[in-house]
Amino acid sequence: MNSLLQSKIEFLKGVGPQRGEFLRKELELHTFGDVIRYYPFRYVDRSVIQKIKDINPLTQYIQLKGQITGFRQMGDKRNKRLMATFKDETGEVDLIWFQSVDWILKTLKPKTEYIVFGRPTAFNGEYNIPHPEVEIYTDEIKAEGKGLQPVYSSSEKAKKKGLDSRGILRLVKTLIDQLKEKDIPEFMPAEILQRFKLISRYEAMVNIHFPKSELLLHEATRRLKFEELFLLQLQMLKIKSNRGKISKGFIFEKIDNKFDKFYKENMSFELTGAQKRVIREIRRDTLSGRQMNRLLQGDVGSGKTVVALLTMLMAIDNGFQACLMAPTEILANQHYENIAESLRGTGLEVAMLTGSVKGKARKYILENLAEGKINIVIGTHALIEDTVVFKNIGLVVIDEQHRFGVAQRAKMWSKNEKPPHILVMTATPIPRTLAMTIYGDLDVSVIDELPPGRKSIKTVHRFDASRMRVFGFLKEEIQKGRQIYIVYPLIEESEALDLKHLMDGYESISRAFPLPQYKISIVHGRMRPADKDFEMQRFVKGETQIMVATTVIEVGVNVPNASVMVIENAERFGLAQLHQLRGRVGRGAEQSYCLLMTGLKLSNESKRRISVMCQTNDGFVIAEEDLKLRGPGDIEGTRQSGGLNLHLADLVNDGSILEAARTTAQELLEDDPSLSQPHHQTLLRFVEEISKDNIWSKIS
Ligand code: ADP
Ligand code: MG
């Protein structure tokens, strides 16, 4: 690897040991390489100055030049804010800070020429600019003239030490001035550079900081994004293929006995085309002699469970045990009942193991798993514990993957001498770009077809004020023999208050739906599992018509007769969660409904979410919207995606670069799996270097 970029930060001209220490701690800049990858988040052309009088409702961002004529402080301790009157030759506008008030007061001075950049907002018919970037209009800036200048993010602490955007700019400039082309060598094969018309690495690095033109900035960004995504995909695909080579898998040769018999005699419906296709994909995997690592995506209600069951039967036909792991006890329990029922009369032994199975019952299960008498065990993460030993586990099915970590997945591999086949099922459709990145090491199957005869769920938005009308509608549905879910938000941060809302809601529902005509179940996370289960079962058996619950019912619960889902405070749920909740209905032959209840005041984002829900039932469309609204960092399951090393590329907007990068990486590895050809040597060394300490190599 290149030595100059590996030099320690303190050796950069003008840094030294003390500053070096600070840069390491505060900005995580350890080496020259870290500095060069500290990309600007914005560029400004300081020669383009606008006037205060030109601010209008369409103004997005604005750059002004002028002076501060006075400060005003408002609010009390908790609500402190600082306003500064900022003036140019055309008018005045307020700058506002809600944080760092003391620090701003100390640094900004009247009668000084400043450049101010920010986003004006209108308040009571006047414009102000909250938290603007403010910079003294120095001779240095005057000398810059036209052209794009980088703006770097920094911390308050760093700013106090002179390491504001401009301070960082000086560091970067010092470094780039001393870098030569050979210090940032190219590792991308020439053929790829040509095919995608990518500029060289050196040119890209220089232009991302100090773009010579808009066009070069664009090209530099494109090159560096491609590079990030390409390297990431290359690593993941390598891991995948290495695992294929190393991890020999069990071969499920036979599908005679149990599988055939079940398929012909016990199944009450015909598989959909999509289900059949997935079974074929799994067949292919389990015959290949390599360990299967497959992600099965399918919207709620698409029928993943039966695919899992058939796969388990394949394992059993070949003398193996199988297990199914679910994220909650309720769900494990439901899978257990469902599967035990389906397999009745087949002579197979099915057991359930969760944290609340104790004493003799637990002992029995553990012994019989070890002796191989139990064919299928269904449970929660309790199955991961070391005390759970199998005689011969051949298949692990994990339902609702986003609740389990990558590490837990890996732990199940060690439960047999060869790793069992793994089938991960998720009902939260994952946008393609995200799937390729987070689950890039898995093969993906998709069930993109619902069982026939499903009516699409009607979703409407209702305000709290029309609650009585909503109750009237619920009564009509109950009259028709249907059952109803009413769901309340419950999040950890506001748990006490949320529980109160739930109990208040329960009371008012009990009044509106009195005994003996109406019976209500209630389930929330604070209840003892046994009570929860009891209430749940009453609803499942149809003894109660209404289920008042928190999101504990979010995943997997299956009551086909339930046809209405009422979601209270719908504005507080994310899109993925709303979609999951809605998926609890629409499982029978009846027309189903989802009612999203909210107050009158809604943020734009909440409005957007609710309108998306009312417009579509398609989980993939919803997942894409979710990604756009929230960004990938927030989406459940992506928390483990830290360490992806993406500085520039972004999974929302760079989907097409990602696709190109993945295909290119795939082709490259097909042609040269170990990157041993001479013209791939630089690339190989580079990949080895960066994969030393990333999570993907640790779990492989
Ligand atoms: P999910 O994919 O959400 O886990 P389930 O496996 O719980 O969905 O299936 C939902 C419902 O659809 C179940 O009641 C199941 O029996 C039924 N089902 C599954 N596949 C079919 C099919 N091919 N035809 C008819 N009903 C089906
Ligand atoms: Mg399910």
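Counting convention: from 1, in listed order, for ligands and their atoms alike. All values derive from a computational prediction rather than experimental measurement.
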Practice problem: Provide the number and element of each atom of ligand 1 under 4.0 Å from a heavy atom of Leu271. | Solution: 23 (N)
Quiz item: Do any N/O atoms on Gly301 end up under 3.5 angstrom from N/O atoms on ligand 1?
Solution: yes
Quiz item: Are Lys480 and Glu476 ion-paired here, with the side-chain N under 4.0 Å from a carboxylate O?
Solution: no
Quiz item: Above 12 or not: heavy atoms from other molecules or residues under 6.0 Å from CD of Gln479?
Solution: no
Quiz item: Just which atoms of ligand 1 are under 4.0 Å from any heavy atom in Glu270?
Solution: 22 (C), 23 (N), 24 (N)
Exercise. For Asn416 and Asn392, test the side chains for any donor-to-acceptor distance below 3.5 angstrom and give the result as yes or no.
Key: yes
Quiz item: If you measure from atom 5 (P) of ligand 1 to every heavy atom of Thr272, Thr305, Leu450, which option wins on shortest distance?
Solution: Thr305
Anything under 3.5 Å between a donor and an acceptor, one on a side chain of residues 564-571, the other on a protein residue two or more places apart or in another chain? List them.
unit_1, atom_1, unit_2, atom_2, d
Glu568, OE1, Arg467, NH1, 3.3
Glu568, OE1, Arg467, NH2, 3.1
Glu568, OE2, Arg467, NH1, 2.7

Self-check item: Options Arg454, Gln297, Lys276, Gln334, ranked by nearest heavy atom to atom 10 (C) of ligand 1, top entry
Solution: Arg454
Practice problem: Give yes or no for whether the N/O distance cutoff of 3.5 Å, strictly under, is met between Gly298 and ligand 1. | Solution: no
Quiz item: With sequence neighbours left out, what residues match Arg284 under side chain to side chain contact (heavy atoms under 4.5 Å, CB included)?
Solution: Glu281
Quiz item: How does Ile447 reach ligand 1, if at all, at less than 4.0 Å between non-hydrogen atoms: by side chain, backbone, both, or neither?
Solution: neither
Quiz prompt | Location of contacts on Arg587 toward ligand 1, heavy atoms closer than 4.0 Å | solution = side chain
Self-check item: Distance filter under 4.0 Å to Asp299 heavy atoms, resulting ligand 1 atoms
Solution: 2 (O)
Quiz prompt | Salt-bridge present (Asp285, Arg290; N to O < 4.0 Å) | solution = no
Quiz prompt | For Gly372 against Gln321, the heavy-atom pair lying closest together | solution = CA-NE2, 3.6 Å
Practice problem: Taking only heavy atoms of Ser302 into account, list the atoms of ligand 1 that are under 4.0 Å away from them. | Solution: 2 (O), 8 (O)
